[in-house]
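As the structure lists them, so they are numbered: ligands from 1, and atoms in each ligand from 1.
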Amino acid sequence: MKILVMNCGSSSLKYQLIDMENESVLAKGLCERIGIEGSVLTHTPAGGDKWKCESPMPTHKEAIQMVMDALVDKDHGVIASTDEISAVGHRVVHGGTAFSASVVVTEEVKAAIKECFDLAPLHNPANLMGIEACEAAMPGKPNVAVFDTAFGMSMEPKAYLYALPYEYYEKYKVRRYGFHGTSHDFVSHEAIKFLGLDPEKAKVIVCHLGNGASVSASIGGKCVDTSMGLTPLEGVIMGTRSGDIDPAIVQFICNHENLSVDEMLNVLNKKSGVLGLTAGLSSDMRDIDEAAEKGDQKAIDALEAYYFRVAKYIGGYVAAMNGVDAICFTAGIGENDKGARKGISAYLGYLGAFIDDEKNNVRGENRIISTDDSKVKIVLLPTNEELAIARDTQKLVK
Ligand code: ADP
């Protein structure tokens, strides 16, 4: 069975065609600048060269047609006909409280995704556009929605309620949802398999540290708590997002800088995080690492703050679960930045958790990176959200 995985943003679309026989990627690619001048598709067949194709893509509909054409292209394609695609799995950012698992898309599901537009105004409309464009391009083919928020639905009220007037929860569903759920779900289950932990009782903390970053705690693969909240702004320090702050800062800065709340939220989402801490140097950890190595004090402080904050979340989650079996690192920084893994793990000695520098000198492969006598396993486990989406899709359409 071949599954097409789609991740639609407002002006971009990422895809992978996965052969579920052996879970291999047949082709992957990206459409950029959808709805903007200069739209371009970059398509890479497995084992082949990148192929760029510029063509107007006023909407996601044209973009998806380009993807279909690329997949069957006589020179760069990997299938003879789109009939070979059994189903399409879509990443959908917000499922509200309606979805605690992936579902086959129906009219009701689309209506529920629409209902969450105000909870994820940048993502959900694009995700729905992608679904509708696939329905139009491949009539009758099943589409599956895989929600970033589904993993967080197993949180109990004590974890998901904000201490706000209850009516906001009742009227507007203002609560903590959590994001990166597909990744947290995938990595926590991989950890259980890889380490041979008890599938019912394993206490696992996953640090998904990419451009966006979040930490989760799960018992038996079920989310107990996770660091992102109503939106992805809450939690640890990220590339450009502030993570947790005193909410009164919003009013304080708005008054001093004459900003609207929307403008301030833009600052918190796009100009904060390590980018903000380094006075605009970069949101990319590679640049911050390099600057810190050269002695840039702001970069050194940004790294320290980043590690400190993740470590505090880990500590909080150990308390929340009354223990931990494994602490996992994943995503761009978690998989590639040994300095970040070491800097964060330096705070974990009280748990009897110690990193092994030699084992930590690794990138992007499943590996235990703690010392042999470490009481808690520290593990590097690459995430694979596309494969997780494809697996869910296969399960639902089989
Ligand atoms: P996204 O949240 O966009 O999916 P990724 O998980 O791809 O992000 O992570 C991207 C981030 O990973 C980059 O911004 C960069 O900070 C970090 N990164 C990638 N490679 C390295 C590396 N070798 N060292 C440090 N950081 C890295």
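- Residues Glu62 and Thr59 have side chains that bring a donor and an acceptor to within less than 3.5 angstrom of each other.
- If you check which protein heavy atom lies closest to atom 18 (N) of ligand 1, you get Gly332 O, 3.7 Å.
- Note that atom 5 (P) of ligand 1 has protein non-hydrogen atoms nearby, at separations under 4.0 angstrom.
- Short contacts between ligand 1 and Gly212, defined as distances under 4.0 Å to a heavy atom of the residue, involve ligand atoms 2 (O).
- Applying the 4.0 Å criterion to heavy atoms of Met285 picks out, from ligand 1, the atoms 15 (C), 16 (O), 26 (N).
- At the top of the distance list for atom 3 (O) of ligand 1, counting protein heavy atoms only, stands Asn211 CB, 3.4 Å.
- Of the N and O atoms on the side chains of Asp373 and Thr371, at least one donor lies less than 3.5 Å from an acceptor on the other residue.
- Under the side-chain hydrogen bond (donor to acceptor under 3.5 Å, both in side chains) rule, Arg176 has a single partner from Asp225, Thr231, Thr226, Thr149, which is Asp225.
- Side-chain atoms of Lys203 come within 3.5 Å of backbone atoms of Met321 as a donor-acceptor pair (strictly under, hydrogens ignored).
- Applying the 6.0 Å contact sphere to CG of Asp75 captures more than 12 heavy atoms from other residues, nucleotides or ligands.
- Taking every heavy atom of Arg363 and a limit of under 4.0 angstrom, the matching atoms of ligand 1 come to 23 (N).
- Near Ile333, meaning under 4.0 Å from one of its heavy atoms, ligand 1 places the atoms 12 (O), 16 (O), 17 (C).
- Protein heavy atom closest to atom 14 (O) of ligand 1, with residue, atom name and distance, is Asp284 OD2, 3.6 Å.
- Residue His208 places every heavy atom at 4.0 Å or more from ligand 1.
- For atom 27 (C) of ligand 1, the closest non-hydrogen atom on the protein side is Arg286 CG, 3.7 Å.
- Residues Lys342 and Asn360 bring no donor and acceptor atom of their side chains to less than 3.5 Å of each other.
- Crowding of Tyr162 atom OH: a count of heavy atoms from other residues, nucleotides or ligands under 6.0 Å exceeding 12.
- Using a 4.0 Å cut-off between charged side-chain N and carboxylate O, Glu290 and Lys294 make a salt bridge.
- Scanning all protein heavy atoms for the shortest distance to atom 23 (N) of ligand 1 gives Asn336 CB, 3.5 Å.
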